[in-house]
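Here the structure comes first, spelled out in structure tokens, and everything after it is commentary.
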Amino acid sequence: MALPLSCFIIAKNEADRIQRTIRAVKGFVDEVVVIDSGSTDGTQALAEAEGARVVFHEWPGFGQQKRFGETQCRNEWLLNIDADEVVSPGLATEIQALFTGGEPTLAVYALPINDVYPGQTKPRLWANDYVQPRLYDRRRVRFKDSPIHDSLDITGMKVGALKGDVHHFSARSFDDQLAKAVERGRYFADHAKRKSPGVLRFRLVFEFPAAFLRYYILRRHFTGGLQGFQSAMIGAISRFVRISRMLEAAERPQERPAEALNQRQK
């Protein structure tokens, strides 16, 4: 029996993986809603073939797109996953158990989300990538209205923890992973608040080695062999690109209001 739970997914050009994502949840959720921002590869038709309802919404930013997705669901309890993520059977069972006897006790629950390397079918041994609140009651919790942060506003909330994980098939190949890392670093830099050049110069020196150690040791990519080393390096590159671009913007002279007006009038 389907739970009183809506699963919503934001997507663009995910034809090669959207069906796998939907199939992992449609057996226990009441509905699957895909928020598409303009796919040109047939993502919409494939999602509809799996029983999902597809809604077009032009891309406004990460948080805003997910806030829009919340409004398109018919249930109050929501599960948010991305188009490159797959709910594991263990997590599906755990979520169903939460609804035994009625609504879950807490308003929000966090899920472990672990990366799957290109060409692999499951996360590496002892994967420890990140944990995010993704299962929640929208009457009490909502996504932040942010162009760069797709995270829930859980201020003052007690967050439950689930053990079953989401498998994150982020990269189609390591070339794809590197390209996405650079793109993501630039995007975050371009939408970040302007920071002190002095602070950014300091971070530029230490950001790469610190990020590499965080990914390789703390997130345990060392258990992934050579692929784990590559993933940790690419994660560190993304951070380096972000700080480099922020520093470039911070060192660029800011236009005075009168100068900016004159430029617009030319």
Side-chain angles (χ1 to χ4, degrees), residues 1-37 39 42-57 62 65-104 106-116 120-123 127 129-139 141-143 150-152 159-170:
M1 184 178 296
L3 303 177
L5 175 66
S6 296
C7 175
F8 73 96
I9 305 164
I10 64 172
K12 184 177 181 181
N13 292 332
E14 300 285 357
D16 59 330
R17 46 194 181 183
I18 191 71
Q19 290 176 296
R20 176 177 58 187
T21 299
I22 295 171
R23 287 170 185 168
V25 298
K26 69 178 185 179
F28 67 91
V29 302
D30 176 53
E31 66 169 348
V32 179
V33 182
V34 174
I35 311 301
D36 188 86
S37 54
S39 294
T43 295
Q44 304 94 323
L46 291 171
E48 289 174 343
E50 292 296 332
R53 177 163 54 91
V54 179
V55 180
F56 170 76
H57 191 251
F62 286 100
Q65 190 76 331
K66 291 196 174 184
R67 283 181 71 88
F68 175 79
E70 292 171 333
T71 68
Q72 301 305 301
C73 299
R74 63 175 173 239
N75 293 291
E76 301 297 353
W77 273 92
L78 308 180
L79 171 64
N80 171 242
I81 54 175
D82 291 338
D84 58 359
E85 296 174 345
V86 175
V87 171
S88 67
L91 177 58
T93 299
E94 197 172 0
I95 291 173
Q96 292 175 77
L98 275 179
F99 285 84
T100 302
E103 294 188 0
L106 302 177
V108 57
Y109 293 83
L111 321 175
I113 301 174
N114 293 315
D115 292 338
V116 179
Q120 303 297 318
T121 60
K122 61 182 180 180
D129 289 309
Y130 47 99
V131 176
Q132 287 187 344
R134 295 282 197 89
L135 176 66
Y136 61 102
D137 181 350
R138 70 176 175 188
R139 293 166 294 189
V141 181
R142 295 287 304 276
F143 268 91
D150 59 338
S151 55
L152 290 168
V159 180
L162 301 183
K163 295 180 179 180
D165 64 346
V166 172
H167 295 177
H168 187 202
F169 294 84
S170 176

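This structure is a prediction, so every number in the text was calculated from the model and none was measured.
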Atom pair [atom1]/[atom2] of [X] and [Y] - distance to nearest 0.5 Å:
| X | Y | atom1 | atom2 | value |
| --- | --- | --- | --- | --- |
| L46 | R20 | CG | CZ | 13.0 Å |
| L79 | F28 | CG | CZ | 6.0 Å |
| S170 | D84 | OG | CG | 5.0 Å |
| D16 | E14 | CG | CD | 6.5 Å |
| Q44 | I18 | CD | CD1 | 10.0 Å |
| L5 | Q96 | CG | CD | 10.0 Å |

Expected output: side-chain [X] to main-chain [Y] donor-acceptor under 3.5 Å:
| X | Y | answer |
| --- | --- | --- |
| S88 | L91 | yes |
| R139 | E76 | no |
| N75 | W77 | no |
| D165 | N114 | no |
| T93 | P89 | yes |
| E85 | V166 | no |
| R74 | D30 | yes |
| T21 | A83 | yes |
| E103 | F99 | no |

Please say which of V87, L162, L78, I113 ends up in a side-chain contact (heavy atoms from CB on, under 4.5 Å) with R134. I113
Applying the side-chain contact (heavy atoms from CB on, under 4.5 Å) test to L135, which of V141, L98, L106 qualifies? L98
Any side-chain heavy-atom pair of [X] and [Y] under 4.5 Å:
| X | Y | value |
| --- | --- | --- |
| I10 | I35 | yes |
| R142 | T71 | yes |
| L152 | N80 | no |
| K163 | P112 | no |
| L3 | V29 | no |
| V108 | D137 | no |

Under 6.0 Å from the ring centre and within 45 degrees of the ring axis: does the NZ or CZ of R138 meet both conditions for the six-membered ring of F143?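 No, R138 does not sit over the ring of F143.
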Please test V116 against T121 for side chain to side chain contact (heavy atoms under 4.5 Å, CB included), starting from the C-alpha separation and ending with a verdict. CA-CA 7 Å; V116 179; T121 60; 5.8 Å; no
Looking just at side-chain N and O atoms, do E70 and Y136 make a donor-acceptor pair shorter than 3.5 Å? yes
Does the side chain of H168 come under 3.5 Å of the side chain of D129 through a donor N or O and an acceptor N or O? no
Closest heavy-atom pair, A15 versus T43, reported as atoms and distance to 0.1 Å, is N-OG1, 3.1 Å
Could you go through V86 and F169, starting from their C-alpha distance and side-chain angles, then the distance that decides it, and tell me whether this counts as side chain to side chain contact (heavy atoms under 4.5 Å, CB included)? CA-CA 8 Å; V86 175; F169 294 84; 3.9 Å; yes
Stepwise, does the side chain to side chain contact (heavy atoms under 4.5 Å, CB included) test hold for V32 with E50? CA-CA 9 Å; V32 179; E50 292 296 332; over 6 Å; no
D150 and side chain to side chain donor-acceptor pair (under 3.5 Å): which single residue from Q132, Q65, K66 fits? K66
Apply the test side-chain hydrogen bond (donor to acceptor under 3.5 Å, both in side chains) to residues S6 and E31: give CA-CA distance (whole Å), side-chain angles for both, the deciding distance (0.1 Å), then the verdict. CA-CA 5 Å; S6 296; E31 66 169 348; 2.6 Å; yes
Residues D36, K12; criterion salt bridge (Lys or Arg N to Asp or Glu O under 4.0 Å); working and verdict: CA-CA 6 Å; D36 188 86; K12 184 177 181 181; over 6 Å; no
Where do I9 and I22 land on the side chain to side chain contact (heavy atoms under 4.5 Å, CB included) test, with the steps shown first? CA-CA 9 Å; I9 305 164; I22 295 171; 4.1 Å; yes
